[in-house]
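One structure below.
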Protein chains: 2
Amino acid sequence: MGSFDQNMPANPVAELPSEPLESIPSLTVDCVIFGLSDKRLKTLLVKHAIGDSKGEWGLPGGVVYTKESLEEAASRMLGDLTGVQGIYMEQLQAFGDVERAGSEKRVITLAFFALVQPEHYELAISSDASDAIWCDVKERPELIFDHDKIVDVGIAYLRRRIRYKPIGVNLLPAKFTLGQLQELYEAILDEKLDKPNFRRKMLRINFLVCCNETQDNVPHRAGVLYRFDQENYDLLCDKGFSFEF
Amino acid sequence: MGSFDQNMPANPVAELPSEPLESIPSLTVDCVIFGLSDKRLKTLLVKHAIGDSKGEWGLPGGVVYTKESLEEAASRMLGDLTGVQGIYMEQLQAFGDVERAGSEKRVITLAFFALVQPEHYELAISSDASDAIWCDVKERPELIFDHDKIVDVGIAYLRRRIRYKPIGVNLLPAKFTLGQLQELYEAILDEKLDKPNFRRKMLRINFLVCCNETQDNVPHRAGVLYRFDQENYDLLCDKGFSFEF
DNA sequence: TCAAAAGTGTTTGTTATACACCCATGT
DNA sequence: ACATGGGTGTATAACAAACACTTTTGA
């Protein structure tokens, strides 16, 4: 893949295009929804119940309606296919290779991205899907079309995003320990982090508030519980910050 | 604008959508092309010569053809409307509000982004445009549709992007001084930077090579010329880096 | 008493920030 | 001689990385 600022090819348009297109056969939306369970990063997949791709796994998605925004389309699709309702999604990227959905019909898709707590949602399977699961991103089945690539782009985006915007509000319980927060980052980055250094960095960002409470029913020393400081958290979502792990 | 990780509204889908849509009326592509001239950040604008928006300024763009990828569409459009050929563009974001192009017809657009040297291109105006200019981003006219917002998103993206990927290859001459490089960053960020600190940081990134030459015909001490080390530059485009200004 | 995770401290080296300062050149 | 931008040095504080260590708890 040519990187943006590298030397340019003389002309990336390989051949002259065909006739203008008054209407794109299909604009769809697909959702890359990440969640944490069993200390692993999971993504939400559905098994198609109808059409050419019956029986195959893919991302929840579908065709955009005329009178809904792209964001509304993504929310609706996700709710319909999986029962996951009312979450806020970010645009990831459009995927529009001519034959990405097979050679007959051109389908351009816009991928959305979100982070949620799997245990907050009961997966409800629609008539268009025969199954919906939270799947470990590292052990996922082969997906239809270019959905594997879309998931990879989603993971890459997430790994970059955690360096400049807070995450966690939708991935952790309201009160959590620094250990749980670290497990979250480790699951996303797929690497172990140094505990003392991680704690110091997180506390310095200044979006955590100590609850003056500790865990209970844990088979080891109870950790102090923290929560996100909503005001600073929101501020940092806008302003961003920057650090390395 | 609700930030991704903030508390979610109960359900962002305000009203139930209308009938399914077999075909989107229009998918277009718009290009936010930035360049540096007179030490200012400029963007490429065209004046529409036809249609409802005749006489108004907007971004170069148009409808995607059936047999071209999105990237090809963006390149073609830019070349046709302005004569700027053969540049590599990055996807920025899709804009799809229902009434973004007026209330009659729904038009979804995908914005692309690129950085070029204005003086490398002779602006050639097509029949669909009556004018094409490089316009200071801070003094631009009001643009059609939501193009003002698209330019703002482009600027915000650029300002974030320079923190983790190299820029400059397409914005500066092959050989340049550290002063010119600093002017570039200052134009993008719209703020003055400390010279000694800027130099140290840039040199530490390790994508610059000293040419062992100096400027000439300058009315002050001649600066040492540098060029980009293509190999490390490309590597950093992939890997990314991270710093603050 | 042991495992497991919480939590603290310290050392070493690097980087950021904010300056003051000198250098070379054309007018 | 001076304005202009090129270029260097330095003191202070902040931060990163690596690692050793102590604490609390349930089993």
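Order of the sequence lines fixes the chain letters, A, B, ..., with proteins taken first and strands second; residue numbering starts at 1 for each chain. Just so it is clear, the model here is predicted, and its values are computed rather than measured. Side-chain atoms are counted along with the backbone in the values below, which use heavy atoms only and exclude waters and symmetry mates.
The local environment of NZ in A:K175 is sparse, with at most 12 non-hydrogen atoms from other residues, nucleotides or ligands closer than 6.0 Å.
The ring of A:F207 has its center no closer than 6.0 angstrom to the ring center of A:Y226.
In this entry the distance linking CG of A:L203 with C1' of D:dA16 reads 16 Å, nearest Å. In this structure, B:R204 places its CZ atom 15 Å from P of D:dT8, rounding to the nearest Å. Whole-Å rounding puts the B:Q182 CD to D:dG7 P distance at 12 Å. Between the NZ atom of B:K201 and the P atom of D:dT8 there is a distance of 17 Å, rounded to whole Å. Across the protein-nucleic acid pair, B:M202 atom CE and D:dG6 atom P stand 15 Å apart, rounded to whole Å. Atom CG of B:N212 is separated from atom P of D:dG7 by 12 Å (rounded to the nearest Å).
Nearest heavy-atom pair across B:L123 and B:V84 is CD2-CG2, 4.0 Å. When all heavy atoms are compared, the tightest approach of A:V151 to A:L143 is CG2-CD1, 3.9 Å. Residues A:L41 and A:A187 approach most closely at CB-O, 3.9 Å, considering heavy atoms.
Between B:L178 and B:R200, it is B:L178 whose nearest contact on DNA chain D lies nearer the 5' terminus.
For the atom pair A:L36 CG and A:Y185 OH, the distance stands at 12.0 Å (nearest 0.5 Å). Atoms CZ and CD, on A:R161 and A:E90 in that order, are 4.0 Å from each other to the nearest 0.5 Å. The structure places CG of B:L172 at 9.5 Å from CD of B:E183, a figure rounded to the nearest 0.5 Å.
A 4.0 Å heavy-atom criterion places the boundary nucleotides of DNA chain C facing chain B at C:dT15 to C:dG26, written 5' to 3'.
For DNA chain C, the neighbouring residues in residues 214-224 of chain A, judged by any heavy atom under 4.0 Å, are A:H220, A:R221, A:A222, A:G223, A:V224. Sorted by residue number, the members of residues 189-197 of chain B with any non-hydrogen atom under 4.0 Å from DNA chain C read B:D194, B:P196, B:N197.
Of the residues listed (B:V32, B:L92, B:L70), the one engaging B:F112 in a side-chain contact (heavy atoms from CB on, under 4.5 Å) is B:L70, and it is the only one.
In this structure, A:R163 forms no cation-pi arrangement with B:Y164, as its terminal cationic atom is not both closer than 6.0 Å to the ring centre and no more than 45° off the ring axis.
Ring orientation note: the planes of B:Y233 and B:F228 are nearly perpendicular, at an angle over 60° on the 30°/60° scale.
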